[in-house]
Every structure is written in C-alpha cells, then in structure tokens.
> 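Encoded as structure tokens, here's the structure I'll be asking about.
Chain letters run A, B, ... following the sequence lines, proteins first and then strands; every chain starts at 1. All values derive from a computational prediction rather than experimental measurement.
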Number of protein chains: 2
Amino acid sequence: MKALGEILAELSKGGFRITRARRSMIEVLLDSRLPLSAEGLIDALLGKKVPANKTTVYRELTFLKEMGIVQEIQFLHERVKRYEVVFGGHHHHLICMGCKRVEDVELEGELEKYEREIMNSRGFKVLNHTLEFMGLCEDCR
Amino acid sequence: MKALGEILAELSKGGFRITRARRSMIEVLLDSRLPLSAEGLIDALLGKKVPANKTTVYRELTFLKEMGIVQEIQFLHERVKRYEVVFGGHHHHLICMGCKRVEDVELEGELEKYEREIMNSRGFKVLNHTLEFMGLCEDCR
DNA sequence: TATATTAATGCAACTTAGTTGCATTAGTCA
DNA sequence: TGACTAATGCAACTAAGTTGCATTAATATA
C-alpha cells in the first residue's frame, strides 16, 4: 500500500495533473479501510467539503484503474462496484453477511496448485482470479 | 444436475404451476453449457418461439433462485448477472479472456484449508465462497 | 367438464448505476 | 503571466433490472 505522496508524485511524473478532486479521491480511498462504491466515495468527498461530481468521480475511477492505482471489486451480494487502492500483495475479501463489513485476507501459498491442475487437465492458462469468502465475522456469529 | 422432469415434479409438488414460460426457461438453462444472462435467456426463448417478457423472465429467475434450482453468478469482467441450473457439486468457472467462453471446474479438496485458517486467525466463519479464474483457453493461447 | 381460485403474466412506467458529448475551468510549463 | 490542454461539470442518455396493477391461465374441486 503506497502513501499519498508517492502516488501523486508518480502521477505528476507521468504528466497528469494533481487536481483537488484527484487528490481528495485518492485520500479518501486510502483512508477507507473497506472498498468504497462510487456513491460512497461521493458522500465521503461531500463530507470533506470537496465538490464531487458523478461524472468526474466515475472518470477518475476509470483513470486510477488504468494507472493501476485502484482496483475494482464486484461482490456477489451487491449490484454496485467497489474500489480500493491496490495493495502491495494480491489479496481477497471476507464479507460478513451479518454486518456487511468487508475485511482483507492474504492467503499463504494461494491457488497455484489449482492453477497448475487447470493448466494440465484443460490446457487453460490462468492469468488472474477472484476469490471472496462470505460468512459471519467474529462479532456477528 | 437434475433432469427437467425431476425439477418440474418438485415444483409441482410444492404447489407451483408448470407454465410454458417456467418449463421453457428451465429447459433452456439445462441445455446451455454456459451460464446465461437474462438477455441471453430471452433470446434463446424467442428462438424457440416461446414468448418471453422481460418482467416474467426476471421474476422467474428470482423464483428459481429462491427454490435453489438456479444460481446467480457475477463475473468480474461483466456488468450483467448470469444464471445456471445448480449442479450437484459446488464448482467454479474458467473465464476465457479471449473468446469469453465460460467453463466449469470442480476443484479437489477445495478451499477448506483456507477456511480453517480464516476461522482460526480471524474468528470469521466462512459459509460460502466464490472463485473464478480468468485466463486463456486452449484455443485462444 | 365447467368453475373458482389465485399463481403467473405482461405492459408501462420507474429506478439505479454508469456513460457520453460538449462547452467551460483550472493545473502546469515556458 | 499567458498558452496549452487535461480535467471538470452539466444535461441528456443507456442498460439492467424492478414495481404496480389489471389480465390471463394452470390447477383443484365440484
């Protein structure tokens, strides 16, 4: 997980402008410990008195995705997409069906075994995967 | 994977009516070797000269989900939801980024190891999970 | 087989999430 | 400080799915 300054420097070096909306969006996403929807992001911005236009927010999210700064997540139990700042390591989510909170998990060893298996038995080359666990968190059990 | 007759008998026993739309939708879903979107389902029905109203199709999909006959799948690379008849065993998908085809995979041993790990380290009780692999199929590599 | 009951249907109008075109604004560099 | 153009914001649009309500038809019963 990078710091705000690092991200901004990287963008600046790439010839992109550091606007109020851009900076604030990255700040909000960095501060949120769970992935935000576009709507949630707009609310957070308005809460910080940062003008947040829907079009701008969606366009900026597309941009930040292309830059590899944020990633988009689609949870099965929701219609909307969520966004989070890309983490150092690839990780997954624990989604509590009680309180709807989302936590991150990193898994040891990952799914390489399965990916090899799939390659061998099907000739299918896995390039990426998504994995989400649904259940009940400690508080909701 | 159940046969059409079985499914219809089960519904009938439950006091639900066997209508043309209901029978045809289950038929189409059983025949499709990949999960269908609502739109794809409507097209398939029209192709069979079965009148297919959007509202009816969505309502029937909701019903079939509630009955545990079909399951809804959300792929990360798509906006729409897809539906498939529930299989005997829990399974996952291989999504080809080239030709967009979807194949099923069943994994040995599954993710129990991770689910135990998550329970032990976080106190989070996993009840369900989703796992999709994105990559290139044999033909597209 | 006819009839009553109500599950299922279908239209139209709506909602939600996200997108597009285009004129305007504001970062950045010289 | 000004020129350049990336980024913005409005309004209008699209796609996917939903809702209310009057109508139709599957089934049980007489």
Side-chain angles (χ1 to χ4, degrees), chain A residues 4-5 7-28 35-46 48-67 69-83, chain B residues 7-28 35-46 48-67 69-83:
Chain A
L4 179 63
I7 295 174
L8 295 179
E10 186 189 314
L11 288 176
S12 193
K13 211 167 52 183
F16 302 102
R17 296 177 182 172
I18 308 308
T19 62
R20 176 125 195 256
R22 178 161 291 160
R23 183 206 316 276
S24 303
M25 278 183 62
I26 300 172
E27 270 172 22
V28 166
L36 289 175
S37 63
E39 210 199 338
L41 188 47
I42 291 171
D43 289 347
L45 289 167
L46 295 177
K48 292 179 75 172
K49 309 284 183 217
V50 176
N53 177 278
K54 192 169 70 139
T55 308
T56 301
V57 166
Y58 279 111
R59 275 202 284 240
E60 186 63 21
L61 285 171
T62 303
F63 169 81
L64 293 173
K65 256 191 293 174
E66 281 165 3
M67 298 308 292
I69 292 167
V70 308
Q71 64 185 326
E72 187 178 82
I73 308 158
Q74 176 74 61
F75 292 128
L76 195 67
H77 70 294
E78 290 193 325
R79 175 144 66 190
V80 298
K81 296 197 164 160
R82 293 185 171 268
Y83 302 87
Chain B
I7 294 173
L8 294 180
E10 188 189 311
L11 288 176
S12 192
K13 212 168 53 182
F16 303 102
R17 295 175 184 176
I18 308 308
T19 63
R20 178 125 194 257
R22 177 161 291 163
R23 183 204 318 275
S24 304
M25 280 183 59
I26 300 172
E27 268 171 26
V28 166
L36 290 174
S37 63
E39 209 198 341
L41 187 48
I42 289 172
D43 289 348
L45 290 167
L46 295 177
K48 294 180 75 172
K49 311 283 182 218
V50 176
N53 176 278
K54 195 169 66 136
T55 308
T56 302
V57 167
Y58 278 111
R59 273 201 284 237
E60 186 64 18
L61 286 171
T62 303
F63 170 80
L64 293 173
K65 257 189 295 172
E66 279 165 3
M67 298 309 292
I69 292 167
V70 308
Q71 64 185 326
E72 186 178 83
I73 308 159
Q74 176 74 60
F75 292 130
L76 195 66
H77 69 296
E78 291 192 325
R79 175 145 65 189
V80 298
K81 296 197 165 160
R82 294 184 171 269
Y83 302 86

> Quick one, B:E27 with B:K48, criterion salt bridge (charged side-chain N to carboxylate O under 4.0 Å, His left out). Give me CA distance, side-chain angles, the key distance, then yes/no.
CA-CA 11 Å; B:E27 268 171 26; B:K48 294 180 75 172; 2.7 Å; yes

> At what angle, to 10 degrees, do the two end axes of the helix from C:dT1-D:dA30 to C:dA30-D:dT1 meet, given five pairs define each axis?
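For the helix from C:dT1-D:dA30 to C:dA30-D:dT1, the axes at opposite ends meet at about 30°.
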
> How long is the straight-line distance from CG of A:L45 back to CE of A:M25, given to the nearest 0.5 Å?
6.5 Å

> Expressed in angstrom and rounded to an integer, what is the separation of A:M67 atom CE from D:dA7 atom C1'?
14 Å

> Quick check on contacts: within residues 15-27 of chain B, what sits under 4.0 Å from DNA chain D by heavy-atom distance?
B:R17, B:I18, B:T19

> A:E72 has an atom CD; how far is it from atom P of C:dA17, in whole Å?
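Taking CD of A:E72 and P of C:dA17, I get 14 Å after rounding.
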
> In whole angstrom, what separates B:E60's CD from C:dG10's P?
11 Å

> Below 3.5 Å, can you tabulate the donor-acceptor pairs from side chains in residues 69-76 of chain B to any protein atom, sequence neighbours excluded?
| from | atom 1 | to | atom 2 | distance (Å) |
| --- | --- | --- | --- | --- |
| B:Q71 | NE2 | B:E84 | OE2 | 3.1 |
| B:E72 | OE2 | B:K65 | NZ | 2.8 |
| B:E72 | OE2 | B:Y83 | OH | 3.3 |
| B:Q74 | NE2 | B:E78 | O | 3.1 |
| B:Q74 | NE2 | B:V80 | O | 3.4 |

> Over how many whole Å does the gap from A:L45 atom CG to D:dT8 atom P extend?
11 Å

> Can you check nucleotides 19-25 of chain C for protein contacts, nitrogen or oxygen pairs under 3.5 Å, and list what you find?
| from | atom 1 | to | atom 2 | distance (Å) |
| --- | --- | --- | --- | --- |
| C:dT20 | O4 | A:T55 | OG1 | 3.2 |

> When rounded to the nearest 0.5 angstrom, what distance separates OG in A:S37 from NZ in A:K81?
13.0 Å

> Roughly how many Å is it from CZ in A:R82 to P in C:dA17, rounded to a whole number?
11 Å

> Can you work out whether B:S12 or B:K81 has the more 5'-proximal nearest nucleotide on DNA chain D?
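Its nearest nucleotide being more 5', the pick is B:K81.
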
> Over how many whole Å does the gap from B:L8 atom CG to D:dA26 atom P extend?
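Between P of D:dA26 and CG of B:L8: 14 Å.
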
> Can you list, pair by pair, the side-chain donor-acceptor contacts under 3.5 Å of residues 55-62 of chain A, counting residues two or more places apart and other chains?
| from | atom 1 | to | atom 2 | distance (Å) |
| --- | --- | --- | --- | --- |
| A:T55 | OG1 | A:N53 | OD1 | 3.4 |
| A:E60 | OE1 | A:R22 | NE | 3.3 |
| A:E60 | OE1 | A:R22 | NH2 | 3.0 |
| A:E60 | OE2 | A:R22 | NE | 2.6 |
| A:T62 | OG1 | A:Y58 | O | 2.9 |

> Working to the nearest 0.5 Å, report the span between CG of B:L64 and CE of B:M67.
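So the gap between those two atoms works out to 8.5 Å.
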
> Side chain to side chain contact (heavy atoms under 4.5 Å, CB included) with B:I18: which residues, sequence neighbours excluded?
B:L8, B:L11, B:S12, B:R23

